[in-house]
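Each ligand, and each atom within it, is numbered from 1 in the order the structure gives.
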Amino acid sequence: MENRQELQSLLDRTAAVCRSLTGDGRQATYIPELATVDPTLFAVSAVTLDGAVLSSGDTEARFSMQSMSKVMSLAFALERLGYGEVFSHVGMEPSSEPFNSIMKLEMTSAKPLNPFINSGSIVMAGLLAERLGSGVIKDMLDFASRMTGNKGGLVVNERVYMSESSTADRNRALAYFMHSSGTLSFDVEKSLDLYFRLCSIEVGTADLAVMGATLANAGKNPVTGERITSLDTSYTVLGIMSVCGLYDESGEFAVKAGIPAKSGVSGGIVCAVPGRMGLAVFSPPLDKGGNSVAGMETVSRLSRELKLRGI
Ligand code: GLN
């Protein structure tokens with residue numbers, strides 16, 4: 001088991017050094033609401049498998065999950081619809097393309113390479129909306145609240161949702177293209193609407209670190225003690241995080257940090273270290289791949305200090 005005092009002091013030291021290591025990173029502006037966030041915010045959290053929640057930095061900061069919601073959506077879809085149905089619609093291979101790329105879809109006309117790129121996640125949202133009906137967002141918010149142990153209940157940030165859905169030319173292009181080729185066989189606008197709402201769920205780093213710890217703990221939330229997913233679901237999600245979590249920088253991140261993770265354009269990264277802990281970090285400036293610069297550095301340093309490397 002981790003020594004809590006030592007872990008807290010490591011988080012404090014790492015936060016002090018890493019919060020300014022943003023290089024020439026820039027926060028996302030293509031979703032206008034994300035451009036209004038203070039780029040100097042920085043927070044990091046760790047959740048051990050005996051249920052300690054430790055944080056440092058601007059621990060009250062709240063931000064939208066963006067692509068980190070794809071971890072929760074995949075876990076939810078696997079629990080509700082099963083492995084066979086999920087992977088009949090999306091693959092499980094890294095894309096080595098930017099997260100919003102249309103290129104491979106056009107070249108192969110096959111299903112999206114994995115559920116963590118936008119095309120794959122829009123197909124998953126369409127599948128869930130079609131199979132589970134209009135109550136699906138409520139069910140998914142409930143699932144996400146239990147997975148993060150958030151007592152008040154997670155909600156959609158309506159400003160981010162409106163901002164995202166009114167400026168989503170690229171995601172609309174992806175969805176209508178997939179619909180035209182039969183890759184997305186569900187209602188396009190319903191697929192996109194659920195996708196935008198999921199990306200707009202608001203969290204803090206402690207929520208995300210509990211989510212990571214739940215996966216690291218074979219599907220059981222170590223803070224609340226509640227079983228959230230089966231062992232098989234946690235293994236599947238961890239596997240996809242290992243190879244697809246940081247888009248076309250997944251390889252570089254595997255070399256530098258070596259742990260299953262998922263990033264989002266709000267500047268967060270959620271990590272799950274099987275058998276050890278969940279980690280989450282938030283710092284809005286992003287590199288050209290859409291990953292948090294200080295976030296990647298923080299996770300790499302924590303991985304080295306705590307010998308977390310596992311992939
Ligand atoms: N909502 C964002 C988008 O669709 C999510 C992308 C991301 O976090 N990488 O563009």
Side-chain angles (χ1 to χ4, degrees), residues 25-37 62-74 90 94-103 105 112-126 128-129 137 140 144 154 156-178 184 188-203 205 208 211 240-241 244-250 252-253 261-271 280-293 295-296:
R26 292 271 177 275
Q27 74 201 87
T29 51
Y30 75 100
I31 299 170
E33 198 59 29
L34 295 186
T36 67
V37 176
R62 312 285 299 164
F63 50 94
S64 51
M65 284 180 107
Q66 295 301 330
S67 284
M68 293 175 286
S69 66
K70 295 167 186 173
V71 171
M72 178 279 290
S73 301
L74 176 60
V90 293
S95 69
S96 65
E97 302 290 344
F99 62 83
N100 54 8
S101 174
I102 200 165
M103 200 163 75
L105 286 172
L113 278 166
N114 68 64
F116 285 177
I117 48 176
N118 287 15
S119 54
S121 191
I122 292 167
V123 169
M124 295 279 304
L128 286 165
I137 184 65
M140 292 183 82
L154 296 177
V156 170
N157 179 319
E158 291 294 326
R159 283 205 321 276
V160 175
Y161 162 71
M162 292 303 292
S163 178
E164 177 148 356
S165 65
S166 60
T167 56
D169 290 352
R170 182 85 188 186
N171 285 323
R172 286 210 158 72
L174 277 173
Y176 278 101
F177 179 80
M178 291 193 291
L184 176 68
V188 175
E189 288 299 330
K190 280 190 189 151
S191 306
L192 286 166
D193 190 70
L194 180 58
Y195 172 79
F196 297 143
R197 286 182 195 276
L198 295 170
C199 288
S200 307
I201 296 172
E202 194 166 77
V203 288
T205 52
L208 291 172
M211 183 167 108
I240 307 276
M241 289 169 78
C244 310
L246 275 78
Y247 311 110
D248 46 341
E249 291 175 347
S250 298
E252 182 186 336
F253 189 73
K262 179 79 203 82
S263 61
V265 285
S266 48
I269 303 178
V270 58
C271 310
V281 58
F282 169 62
S283 166
L286 310 175
D287 66 11
K288 59 181 176 2
N291 297 310
S292 168
V293 177
M296 289 173 79

*Would you say Ser263 has any N or O atom under 3.5 Å from an N or O of ligand 1, going by distance alone?*
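So ligand 1 has no N or O lying under 3.5 Å from an N or O of Ser263.
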*Hey, is ligand 1 close enough to Ile31 that some N/O pair sits below 3.5 Å?*
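In fact, backbone or side chain, Ile31 has no N or O that close.
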Using a strict 4.0 Å cut-off to heavy atoms of [X], name the atoms of ligand 1 that fall inside it.
| X | result |
| --- | --- |
| Cys199 | 1 (N) |
| Gly264 | 8 (O) |
| Asn171 | 3 (C), 4 (O), 10 (O) |
| Glu164 | 1 (N), 2 (C), 3 (C), 4 (O) |

Whether the side chain of [X] engages the backbone of [Y] through a donor-acceptor N/O pair (distance < 3.5 Å, no angle test) should be reported.
| X | Y | answer |
| --- | --- | --- |
| Glu33 | Glu164 | no |
| Ser250 | Leu246 | yes |
| Ser95 | Leu113 | no |
| Ser292 | Ser283 | yes |
| Lys262 | Met68 | no |

*Atom CZ of Arg172 with >12 non-hydrogen neighbours under 6.0 angstrom*: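 Yes - once you tally the heavy atoms of other residues, nucleotides and ligands closer than 6.0 Å, there are more than 12.
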Would you mind checking which non-hydrogen protein atom is closest to [atom], with the distance to 0.1 Å?
| atom | value |
| --- | --- |
| atom 2 (C) of ligand 1 | Gln66 OE1, 3.1 Å |
| atom 3 (C) of ligand 1 | Tyr30 OH, 3.3 Å |
| atom 9 (N) of ligand 1 | Tyr247 OH, 2.8 Å |

Side chain, backbone, both or neither: the part of [X] lying under 4.0 Å from ligand 1 by heavy atom:
| X | answer |
| --- | --- |
| Val265 | both |
| Tyr195 | side chain |
| Ser67 | both |
| Arg170 | neither |

*What do the steps show when you test Met296 against Asp287 for side-chain contact (heavy atoms from CB on, under 4.5 Å), and what is the final call?*
CA-CA 10 Å; Met296 289 173 79; Asp287 66 11; 3.7 Å; yes
*Starting at CZ of Phe196, measure out to OG of Ser69 and round the result to the nearest 0.5 Å.*
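Taking CZ in Phe196 and OG in Ser69, the distance rounds to 12.0 Å.
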*Could you give me the CA-CA distance, side-chain angles and deciding distance for Tyr195 and Leu174, then say whether side-chain contact (heavy atoms from CB on, under 4.5 Å) is met?*
CA-CA 12 Å; Tyr195 172 79; Leu174 277 173; over 6 Å; no
